[in-house]
Amino acid sequence: MNAQTKAAIVPSKEWQVRPTKGILRLAALLVLSVAMIYPILWMITIALSSNSGMFKVPPEWFPREFHFRNFIDGADTIHFLRVFSNSLIITGLITLGQTVSSLLIGYGISRIQFPGRRMWFFAFLGSMMLPQIVSLIPVFYIFAKLGLYNTWWPLILTAYFGNPFFIFLSRQFLSSIPFAFDEAAKIEGASHLQILTRIIVPISMPLVATMVILAFQASWNEYLLPLIYLRDADLWPLSMAIAAFSSQYGNTWNLFMAANLLYMLPVLLLFFFSQKYFMQGLGSLNSAGIK
Amino acid sequence: MKKTGIFIIAILLVMGVLAACSKKSNNEASNAPSESKAAQSDSPSASESPKAEAVKLTMMTWEGPDMTKAIQESMKKFEDENPGITVEVLPSPLKDYDTKISQLISINQAPDVFMVGNNIELISGAKGQLFDWTSKLTDDGEFFNNFYPGIVPNWQADGKLYGIPGLMNTYGVFYNKKLFKDAGVTEPAAGWTYQQMMDAAKKLAKKESGVQTFGLYTVQMADVFGLNNYAASLGAPFTEGITTTSKVTVSDKLIEAVNLYRDGVANNYIAPFNTSTDNYPNLFKEGKVPMMQAGQWYADDLIRTAADLEWGYAPAPIVDKSVAVYDAVGFASPASVKNPEAVYKLIKYVSTEMYESVLQKFPVAPTTYKPSAQAYFDTLKTAGHTDLADGLDYMLNAEIKTPVRFMEPWASKAQKFVDVTFKNVIDGKAPVEDLKKMEEGINEVIASEK
């Protein structure tokens, strides 16, 4: 047994000193975990059920039937491969655009001294307060006039002009990095782009991971913009295909849940593998105030 | 590692650019017929021209994937019958469908034909956004004379027709035959009254092992427009009409209906509204609900997935005259449509022949065009539910039709009074006298908007 394994099975100091507090904390975590996990478990149960065996009263908490065929049928119904590829391309480009452009703007605002930088920062911050629905019609009109209706461009292009929340996040995170790094690099003859890419970005991975996860999750689930801009079903992303599953007269819930599980999977996996960076990135919001 | 990351990003960029560009090309291709349509607008329509030019029409539907597929298949027949006209069916999710259509109309990209609800058809039509088909009422009078009573007039705004109704939803009562038999209650039939429904609910309600089973599960009776049927049956409706309302009236008859519901809830024979209403159909399928007032579309699921359940169907009860809720969906076209004659052919086809074939596979609702409804009724009868077919026909023929919601532009403002005051009264949290406050509030909204 190595030292790491041994440390893992030895109760913590707090557990030894205050066992009641430990038990209470464990119970609270257990309840919260069930609350979080149960909806997914219920989705799995429905996804594996026959259409006539769903919504039993009282409900079944665990799957008793295993109709794995539902996953194939659900995927076929929404042309899964096509819409999944569409979603991957759209989301990938949006994530790239939002992350890079927000990082660039955040770097400029936090580390380059120029007149009006605070004004620019508050202008970006103020645009966060504007509800999406307000700008929907004018922006839609502009893209339509540019002949970009029924293409992916309106969804992707705007991502390359920065995301207000990410700009705020970048500015906060980058402000906490000592300026001594920049000064040392400048003495060595580095440009701003070199400082950003070779010094700032490598030590800002939690920030980058946070922006990637949030951008990926938001664009993966974006529904209203694709609905408005995309007419042809072969351009649809997954979010629209999933929504199109139900009609005014009901739904085949088992296939719908099976398709939904496939839909959720990429975001869950992304979060699972980068949650450490994600928590650090969000933590940066607490560590730096608006300076 | 760094090189791999850059490589992946580059690949994504190239794929995206290529894909988006190729879609643009597709879009240009799909827009091409629109240009040709524009070119044709000065010349006689495709159907009238001796040398018919190719016309490509687009039609948007909010139906699910399976039904959309059946609609697409049905279009082949239309194309065969109308050489030179091709139809592209564009599915769209139901959620936020109205937002999408209004955006498309605003940039002149709306499909030639699209599904629409009665309220949106009336509001958009009055704004001049939809094509005016009024002349067809006389030019094609025989067709319009064959709709169920009251259907076409209630698709007209100020006498103008901005679309053609397709399907009509009705809200009768599904009942469990076994539970009726066990409780010794006579099965309901067309023309039964609210009092008979309440008496049956009392006998069917029971409490076993601490579990309360109600006699009647209804969403309609917890809604002012549902209870309006009771008042309208006695000649004292809540709203004056379906398409226009200059004032609402909380009559003694409406209050009588509210009390009927409240008594039922208080005495445990009507399921209270706060019970999970979405689960009523599932409870019914499980054989645990004696009576469920609900839309006819649940029959499709019951026929397909609850073969062992012995169920029957009766039209909604009445007090005096026969009443049915008017809840129709249909098809409309943008005002800027380029080929009106070809579009009219399509719109007429989808509201009649298309449904005749589609509803055989998906028997969800009767058509508003009487001759076409027969195919749907025959499907129900073949499935062993003559009572359902007859019940729906009875309601479609009802002499009085009532609105399913407010249909005018002020609807959302007025609805707030219903959502707050009426729900509180229904839930027993406020006295029935408060309904007069709701009446005053709604009438003030109407007066301020007129």
Side-chain angles (χ1 to χ4, degrees), chain A residues 50-57 59 76-79 85-86 88-90 92-96 100 133 136-137 140-141 143-145 147-153 155-157 223-224 227-236 239-252 255-256, chain B residues 8-9 11-13 15-17 19-21 23-24 26-28 30-31 58 60-68 88 90-97 99-100 102-104 106-109 111 115 167 169 279 281-283 285-286 288 295 297-298 300-301 304-307 329 362 364-365:
Chain A
S50 63
N51 201 34
S52 58
M54 296 181 319
F55 297 120
K56 286 186 176 162
V57 185
D76 278 351
T77 309
I78 58 168
H79 305 285
S85 311
N86 290 351
L88 268 188
I89 295 168
I90 296 169
L93 289 169
I94 290 175
T95 306
L96 179 72
V100 171
I133 199 79
L136 197 64
I137 295 174
F140 181 67
Y141 189 78
F143 278 120
K145 285 288 167 195
L148 298 178
Y149 168 66
N150 202 29
T151 71
W152 291 339
W153 288 116
L155 310 177
I156 296 164
L157 278 178
Y223 171 73
L224 191 61
L227 177 81
I228 302 291
Y229 286 112
L230 304 177
R231 191 194 67 168
D232 298 344
D234 61 356
L235 293 172
W236 287 2
S239 57
M240 267 185 86
I242 291 283
F245 224 108
S246 52
S247 80
Q248 59 173 330
Y249 297 120
N251 205 345
T252 32
L255 302 189
F256 176 71
Chain B
I8 289 169
I9 289 167
I11 290 285
L12 266 174
L13 262 174
M15 277 172 73
V17 170
C21 286
K23 303 303 177 188
K24 172 78 180 104
N26 290 344
N27 184 35
E28 278 163 2
S30 68
N31 280 342
T58 50
M60 192 167 279
T61 154
W62 62 48
E63 298 297 358
D66 295 336
M67 201 157 161
T68 300
E88 186 187 1
L90 305 169
S92 176
L94 180 59
K95 189 184 165 197
D96 294 321
Y97 177 87
T99 311
K100 179 172 185 163
S102 62
Q103 295 274 38
L104 294 180
S106 72
I107 60 155
N108 216 14
Q109 286 277 3
M115 272 187 145
L167 297 177
N169 294 319
N279 209 28
N282 306 311
L283 288 166
K285 247 163 87 171
E286 290 282 312
K288 293 174 179 172
W297 58 86
Y298 289 114
D300 176 35
D301 185 45
R304 280 189 290 111
T305 65
V329 294
F362 302 95
V364 287

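Computation of the quantities below employed the complete heavy-atom set of this structure, encompassing side-chain atoms and omitting hydrogens, waters and symmetry-equivalent molecules. Quick caveat, the model's predicted, so the values are computed rather than measured.
- Rounded to the nearest 0.5 angstrom, Arg231(A) CZ and Thr58(B) OG1 are separated by 6.0 Å.
- The heavy-atom pair separating Pro93(B) from Tyr223(A) by the smallest distance is CB-OH, 3.1 Å.
- Of the listed residues (Leu104(B), Asp300(B), Thr61(B), Thr68(B)), the greatest number of heavy-atom pairs within a distance under 4.5 Å of chain A belongs to Leu104(B).
- Proximity to chain B (any heavy atom under 4.5 Å) is shown, for Leu155(A), by neither the backbone nor the side chain.
- Of the residues considered (Ile107(B), Thr99(B), Leu94(B)), Ile107(B) shows the highest number of contacts with chain A, using heavy-atom pairs under 4.5 Å.
- In terms of modelled atom types and a separation under 3.5 Å, the side chain of Lys100(B) and the main chain of Ile228(A) share no donor-acceptor contact.
- With a threshold of 4.5 angstrom between heavy atoms, Ala233(A) approaches chain B through side-chain atoms but not through N, CA, C or O.
- Taking the side chain as every heavy atom from C-beta outward, Asp232(A) and Glu88(B) approach each other to under 4.5 Å.
- Distance alone, capped at 3.5 Å, places no donor-acceptor pair between the Tyr141(A) side chain and the Ser106(B) backbone.
- Residue contact with chain A, scored on non-hydrogen atoms closer than 4.5 Å, involves the side chain of Asn169(B) exclusively.
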- [ ] Test side chain to side chain contact (heavy atoms under 4.5 Å, CB included) on Gln103(B) and Leu136(A) and set out the steps.
- [x] CA-CA 9 Å; Gln103(B) 295 274 38; Leu136(A) 197 64; 3.3 Å; yes
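- The CD1 atom of Ile137(A) lies 6.5 Å from the OG atom of Ser102(B); values are rounded to the nearest 0.5 Å.
- A heavy-atom distance below 4.5 Å is not found between the side chains of Tyr97(B) and Leu227(A).
- With a 4.5 Å cut-off on side-chain heavy atoms, Phe245(A) and Asp66(B) do not count as touching.
- A distance of 8.5 Å separates CG of Leu224(A) from NZ of Lys95(B), quoted to the nearest 0.5 Å.
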